[in-house]
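Take a look at the structure below.
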Amino acid sequence: MIDLKALREDPDRYREGARKKRISVDIDRILVLDERRRAIQHQQDEIRAEQRRLEKEAGPRIGGLMGKLKAAQGEEKARLETEVAELRAKPAALKEKIQALEAEGAEANAALSEVLLTVPQPPDSEVPVGASAEDNIEVRRWNPPHFDPARSFSEQRGFEARSHEELIKALGIVDFERGVKVAGSRSYMLVGDGMRLHNAVLRYAFDFITEKHGFTPVSVPVVVREECMIGTGFFPAGKDQTYLVDEQSRGSAHDLYLTGTGEVGLMARHMEEILDESMLPLKLATVSPCFRREAGAAGRDTAGLYRIHQFDKVEQVVICRADEAESKQWHKAMIGIVEELLQSLELPYRLLQCCTGDLGPKNADMIDIECWMPSRGALDGQGRASGEYGETHSASRLYDFQCRRLNLRYKGESTGGKPVFCHSLNNTVAASPRILIPILEMYQRADGTVEVPRALRPYMGGREVIGG
RNA sequence: GGAGAGGUGGCGGAGUGGUUGAACGCGCCGGUCUCGAAAACCGGUAUGCCCUUCGGGGCAUCGGGGGUUCGAAUCCCCCCCUCUCCGCCA
């Protein structure tokens, strides 16, 4: 949610922000609706004030007259009755006016809040302007010793890389056929060492973020109410990317939605709260299943573990004071944690500064982290992939956009005791099975077996190899 | 699924038709006392929107919506949510 007052004062900033994000939103309509709403409210307030004045003087008079009326007779009685009726009529007339205005105001309000929810957070000025992920800008790369994605896999390793799909098939560690039988396209079932490796990564990542970096472990509901989806900024824009649990047709009051990330539960946990400044920053981490419909992605990345409907993810979230420098610092820190994790897994990666067109409605700034995946990218003459970076992490900085929607505030000395919306940030720690792609492909050996990364061995019962 | 109880300010908890935006307690802030602190005592302490000559003023808000009434936290209707017991169940 953006600040309506700020929009009123500087509508161009929001026009420009939406334009840069390639999101269409009618700012003028908001200004008109806002103007109308305020005019109506103003009228309503004045009439109400008048009504209250009347009611204060008319009440006791009516009481007095009613007393006299009991004793009165004939003309006197008729006169008193008329007077009482007059006294009663005035506020009644005002009430009708108020009700008419109320209806009008409610309409304007509803229309306004609906459009307001679609106004994206303007991107930070330093975010490069661009149309889509194509225009994202590489910030830096990191390579483990003995491997550089700039040179071919075979040159460096002495054999041709197999894709994770080939490796999986040979090792029998993912059952796509039966996954599809059970749950439809983009479904899978991890089996044996596939499931073990998946769990190992998640447990490693979870311990990494909670034990090593002090984030508080929390579990999250993954079936949530709509307020949580709106509050965290995923709705209305992402509604068709989300699975709907239709409970209304069964007589329940509300439908529920499957979350696409643990971020929803972690953030929504604190909605409608006023935190004491001393509690901040809140550093939270969870591991949860994530569900994504992948609507509009038909035909893209259909094979393998890259784009699937359900996966598990360790997620980190920070809720901090409304301080630009502080939240920027947390953004860096959260990215640093992921870099440390990927380096410990010795996976080549790069950081991308996402351009405005790739940000999504809620972000002011976003850094993607991509791991090197030998099986992706353009094919050569022999049908061999050249390898390509593939997105595995995404670090978002949102200022108070999300907390405004969630009505998540804090107060303390620095706010002068007044409640102020918090800032929030989120970043992947590890999402699996997607992260298994670079792990399997980078750790494969000439004989088709896969070495277990050193960091994961404690989580694999000390095993060093999968297969063979 | 069946039966019942309840939703009031940051929290606890009064309040069943008339200056009640709301007693009282806790918490918090300021002051007195003290070398300092605690205790005690005194005072203050909701949010949102709008207007403002920046002193302040107006309106709304007691789960949500509608109704009765000159007037509703209080009465009536509908809805939502939470809790307890029973049933089922990992």
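In this text the structure is predicted, and so the values were computed from the model without any measurement.
- Only the C1' atoms considered, rG17(B) is 41 Å distant from rU53(B), to the nearest whole Å.
- Taking the ring-ring contact (aromatic ring centres under 6.0 Å, His included) definition, one finds that Y399(A) meets it with H423(A), sequence neighbours left out.
- Comparing the C1' positions of rG71(B) and rU19(B) gives a spacing of 12 Å, expressed to the nearest Å.
- M271(A) places its CE atom 13 Å from the P atom of rC81(B), with the value rounded to the nearest Å.
- The same atom, P, is picked in rA37(B) and in rG31(B); the two are 10 Å apart, to the nearest Å.
- When rounded to the nearest whole Å, the span between CD1 of I274(A) and P of rC28(B) equals 17 Å.
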Do F291(A) and H309(A) pass the ring pair (Phe, Tyr, Trp, His ring centres under 6.0 Å) test, and can you show the C-alpha distance, the side-chain angles, and the key distance before you say yes or no?
CA-CA 6 Å; F291(A) 303 92; H309(A) 287 310; 10.0 Å; no

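- Under the side chain to side chain contact (heavy atoms under 4.5 Å, CB included) criterion, A295(A) pairs with Q241(A), R293(A), sequence neighbours left out.
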One pair to check against side-chain hydrogen bond (donor to acceptor under 3.5 Å, both in side chains): D365(A) and Q353(A). What are the steps and the verdict?
CA-CA 8 Å; D365(A) 182 19; Q353(A) 168 62 59; 3.0 Å; yes

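- Here the separation of rC26(B) from rA40(B), taken at their P atoms, is 9 Å to the nearest Å.
- Separating the CZ atom of R38(A) from the C1' atom of rA60(B) is a distance of 17 Å, rounded to the nearest angstrom.
- Nearest heavy atom pair, residue G262(A) against residue V220(A), reads O-CG1, 4.0 Å.
- Comparing the P positions of rC11(B) and rG27(B) gives an interatomic distance of 16 Å, to the nearest angstrom.
- When heavy atoms are screened at a 4.0 angstrom cut-off, R8(A) is found touching the sugar-phosphate backbone but no base atom.
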Reading 5' to 3' and counting Watson-Crick or G-U wobble pairs with both distances under 3.5 Å, write the dot-bracket notation for RNA chain B, | for bases paired outside the strand.
((((((((.[[[..)..(.....]]]((((((.......))))))((((((....)))))).[[[[[..)....]]]]])))))))....

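- N109(A) has its CG atom 14 Å from the C1' atom of rC59(B), to the nearest Å.
- Regarding I47(A), its CD1 atom lies at a distance of 12 Å from the C1' atom of rC59(B), rounded to whole Å.
- As rounded to the nearest Å, rG2(B) and rC79(B) have P atoms that lie 14 Å from one another.
- Following rounding to the nearest Å, E226(A) (CD) and rC81(B) (P) show an atom-to-atom distance of 14 Å.
- Sorted by first then second residue, the salt bridge (charged side-chain N to carboxylate O under 4.0 Å, His left out) pairs that include residues 266-279 of chain A, not counting sequence neighbours, are E277(A)-R321(A).
- If you find the closest nucleotide of RNA chain B to Q44(A) and to R225(A), the one lying nearer the 5' end belongs to Q44(A).
- Anti is the conformation of rG9(B), whose glycosidic angle sits further than 90° from 0.
- Side-chain nitrogen and oxygen atoms of R48(A) include none within less than 4.0 Å of the OP1 or OP2 phosphate oxygen of rG58(B).
- Under the rule for a ring-ring contact (aromatic ring centres under 6.0 Å, His included), H164(A) has no partner lying at least two apart in sequence or in another chain.
- The side chain of R409(A) places no N or O atom within less than 4.0 Å of a non-bridging phosphate oxygen (OP1 or OP2) of rG10(B).
- Residues R37(A) and E46(A) both approach RNA chain B. Their nearest nucleotides, taken by heavy-atom distance, put R37(A) toward the 5′ side.
- Here the nucleotide nearest the side chain of A49(A), chosen from rC51(B), rC49(B), rC59(B), is rC59(B).
- With rounding to whole Å, D45(A) atom CG is found 4 Å from rC59(B) atom C1'.
- Rounded to whole Å, the C1' atom of rG9(B) lies 14 Å from the corresponding atom of rG63(B).
- Qualifying side chain to side chain contact (heavy atoms under 4.5 Å, CB included) partners for S187(A), counting only residues two or more places apart in sequence or in other chains: A183(A).
- Nucleotides rC35(B) and rA46(B), compared at atom P, are 35 Å apart to the nearest Å.
- At whole-Å resolution of the value, NZ in K411(A) and C1' in rU47(B) are 10 Å apart.
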